[in-house]
Amino acid sequence: MTTSRSNEEWVLASYPEGVPTPDNFRKQICPMPVPGPSQVLVKTLCLSVDPYLRLKLYPVPTDSSTDTAATKGQNANSKDEEDTSEFAPFKLNKPLSSMFIGEVVSTGSDVTGLAAGDRVSGLGVWATFAAFEANTLHKVPSDLPPSAYLNVLGLIGLSTYFPLVEIGQPKAGETVYVSSAAGAVGSLVGQLCKLWGCRVIGSTGSDNKAEALKALGFDHVFNYRTQTVAAALEEWAPEGLDLYWDNVGGATLDTVLTKMKRQGRIVACGSISQYHVLGSEAAYGVKNYFKVVASCLKWQGFLASDYVGRSDELFLKLGKLLREKKIRALETVWEGLEKVPEAFIGLFSGNNLGKMLIQVAEPSTPTGPGEDKEADKEEEAREAGLRSRALEPGRLGLEKELVEVREMAGLAHGAQVKAALAALGARLEKDLASVSAPPASSIPAAAAPAKEPVSRGSASPSDLVTGLAPTYTAIDTYGWDQGEYNSPWVSVYVTLPGVGKVKEWVSCSFGPTSFDLKVEGLAGKNYRLLKDNLEKEIVAGESKFKVKEGRVTVLLKKKKGEFGSYDHWMGLTAKTKPGGGTGGAGLGKGDPMGGLMDMMKQMYEEGDDTMRKTIAESMMKVQRGDRSGSGLPEFGKGGLGEDDF
Ligand SMILES: NC(=O)c1ccc[n+]([C@@H]2O[C@H](COP(=O)([O-])OP(=O)(O)OC[C@H]3O[C@@H](n4cnc5c(N)ncnc54)[C@H](OP(=O)(O)O)[C@@H]3O)[C@@H](O)[C@H]2O)c1
């Protein structure tokens, strides 16, 4: 039954041939459904679009003996039976569906357990409002942003954590390759494998996404559009792979079969490279199948639905890792129901970093712990209390997200990515302004305005759980050194008594010309050393940090200069501000040595390799000689020595 109030929905206009196009979908006005006695009317808050939906965009077979695609061999139903399988084809002129988070608007007379205002998850409809049988939906607490239950704590978590642990069984020291590594599943698989001590190689289709993965901790990431899988694996895993997480299938899988170690494992998660050609002549035929036998491989697939009953376990395991900031949930969020097809199609050209989502409407009640007594009880009952606060967007979460977004903006090269990050930054600033007065934390300056969609990493939950304020005490005392001429490393030394005891709360992110060291919860305080204008470029993916009792050492891997050697740095940071110095070396304008250093720097930059070597050694002598009287911290003070590396 319906009323005359208007509603909007997307229906399937035609089946795609190859990659779907906007013409395959049609948006139409439809009446507002009125829930039957056992139903609820739900407002759509957030929709997920997933690659597997392409498998539902093949025509309904007219004869069960002539299945054409994804359903081949799976849907044994005759044409008279309703196909309720995951891959059941969408029907022409009928609404499309995918996982969603919604808000209950009203309930039928027989419904118990759900009430207006409740947030629910389930298989939703690409519509503003829809009616559902109440028993097909699951209530989710409203103290998390809706997207959380569609990403790491939803289908993506289920499709990653359990199959990785139970089929992939990664072990410390093993070499793992993840394809489509910058996607929702791939980015989580890679992070978990890193956490468990593996060496992780990822592939993706753009340099920007490759950089983002390196910032997440991947050891090596290659752009499969510019380097072949065979060449990359030859370079980064010449000894072979222990584990391959397959998101793409096709030629990639075929190559990987030749690169597996004996008794290696392959987790067959998906084969997105084949979704447009399933069942056709164009489908890729694997040529190296015999390698499964010859290398004694274990090769197993799975379906996320195998794990739906284990959501509580997922919340415990992944919620804990989120809370401890050991993993991040990446999202690309589009706004508005009209964007659903565009976001979906974008999955096949790599338009997403992390989970692809569409925010359709804002919740009526704010996300947060609020008065949800039931959720509070649930939280208490759970050891780690993950459901609540894991991604709570309070002042601290917003601030952290803003810092992250600006850091990512600093890394981004593409105009669209920059613009999207800037838009998100502007939105976060606005949200921040609407809550209480900001603490004295230093958030770097904003970038330019822009358009959707936005990519984001989730707010880390830990501070909300502990209730710590997000203020950082700036670390303004540190030393730095770069060893002898042509050394590949610049070392930054920070002395913080007791830091070894909070080792797990030390983090450092690296960009092409930046690093951001954070130490949290050290004797009740948070510390930060942010340098966003390093004098020369570094290799972010190879830079690292070490924590020892009382000391943190940040090791910046220099990028090779034009002559193939490692350039000598004149200062830790570049001269960017009028009257400012060159950073850690302390030889600024007010310094009597400044003019000499500037002259030497110019000669260094213009000279040949021999000239550079001579000048670099002279400059090091000048810097070292000067340091004793400069008032700057001395290297090694407090026991730090060269053998620390
Ligand atoms: N078994 C299950 O239950 C289950 C559950 C969830 C997902 N999956 C599967 O897991 C895979 C990843 O899913 P997801 O949700 O995390 O999607 P996703 O990776 O977030 O998004 C799709 C990504 O695939 C890459 N891609 C698109 N076309 C490609 C092609 N022809 N060759 C190589 N890469 C291509 C694109 O990234 P680039 O820019 O890197 O090309 C795109 O961003 C998919 O195959 C999906 O079907 C399976």
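In what follows, every heavy atom counts, from backbone to side chain, and hydrogens, waters and symmetry copies are set aside. Start at 1 and go down the list; that is how both ligands and their atoms are numbered.
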Look at [atom] and find which of [options] reaches it with the closest heavy atom.
{"atom": "atom 47 (O) of ligand 1", "options": "Tyr224, Phe302, Tyr275", "result": "Tyr275"}
{"atom": "atom 25 (C) of ligand 1", "options": "Ser180, Gly346, Ser159", "result": "Ser180"}
{"atom": "atom 35 (C) of ligand 1", "options": "Thr160, Leu330, Ile272", "result": "Ile272"}
{"atom": "atom 13 (O) of ligand 1", "options": "Gly183, Ala268, Pro51, Ser48", "result": "Pro51"}

Does any N or O of ligand 1 fall below 3.5 Å from an N or O anywhere on [X], backbone included?
{"X": "Ser206", "value": "no"}
{"X": "Thr204", "value": "yes"}
{"X": "Asn351", "value": "no"}
{"X": "Ala184", "value": "yes"}
{"X": "Cys269", "value": "yes"}

Next on the checklist: Using the ring-ring contact (aromatic ring centres under 6.0 Å, His included) criterion, which residues pair with Tyr289? Sequence neighbours excluded.
Outcome noted: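 Not a single residue meets the ring-ring contact (aromatic ring centres under 6.0 Å, His included) criterion with Tyr289.
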Show me which atoms of ligand 1 lie under 4.0 Å from any heavy atom of [X].
{"X": "Gly354", "result": "20 (O)"}
{"X": "Leu303", "result": "3 (O)"}
{"X": "Gly270", "result": "9 (C), 45 (O)"}
{"X": "Ala304", "result": "2 (C), 3 (O)"}
{"X": "Ser271", "result": "45 (O)"}
{"X": "Lys209", "result": "37 (O), 38 (P), 39 (O), 43 (O)"}
{"X": "Asn247", "result": "10 (O), 11 (C), 12 (C), 44 (C), 45 (O)"}

Quick one: nearest non-hydrogen protein atom to [atom], plus distance?
{"atom": "atom 27 (C) of ligand 1", "result": "Leu347 O, 3.4 Å"}
{"atom": "atom 36 (C) of ligand 1", "result": "Gly350 CA, 3.6 Å"}
{"atom": "atom 31 (N) of ligand 1", "result": "Ser273 CA, 3.5 Å"}
{"atom": "atom 28 (N) of ligand 1", "result": "Phe348 O, 3.7 Å"}
{"atom": "atom 38 (P) of ligand 1", "result": "Gly205 N, 3.4 Å"}

With the threshold set at 4.0 Å, does a side-chain nitrogen-carboxylate oxygen contact exist between [X] and [Y]?
{"X": "Lys194", "Y": "Asp219", "result": "yes"}
{"X": "Lys261", "Y": "Glu174", "result": "no"}
{"X": "Arg199", "Y": "Glu239", "result": "yes"}

Next on the checklist: Hydrogens and angles aside, do Ser179 and Asn247 bring a side-chain donor and acceptor to less than 3.5 Å of each other?
Outcome noted: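 No.
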Next on the checklist: Regarding Tyr149 and Ser311, do their side chains bring together a donor and an acceptor under 3.5 Å, going by distance alone?
Outcome noted: no
Next on the checklist: Is there a side-chain contact (heavy atoms from CB on, under 4.5 Å) between Val267 and Leu164? Walk through the geometry before answering.
Outcome noted: CA-CA 8 Å; Val267 181; Leu164 183 58; 5.5 Å; no
With a 4.5 Å limit on heavy-atom distance, are the side chains of [X] and [Y] in contact?
{"X": "Leu322", "Y": "Val152", "result": "yes"}
{"X": "Tyr161", "Y": "Leu188", "result": "no"}
{"X": "Lys291", "Y": "Met260", "result": "no"}

Checklist entry - Parallel under 30°, tilted from 30 to 60°, perpendicular over 60°: which one fits the rings of Phe100 and Phe132? => result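 Phe100 and Phe132: parallel rings.
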Item to check | Ser187 to ligand 1, any heavy atom closer than 4.0 Å | outcome: no
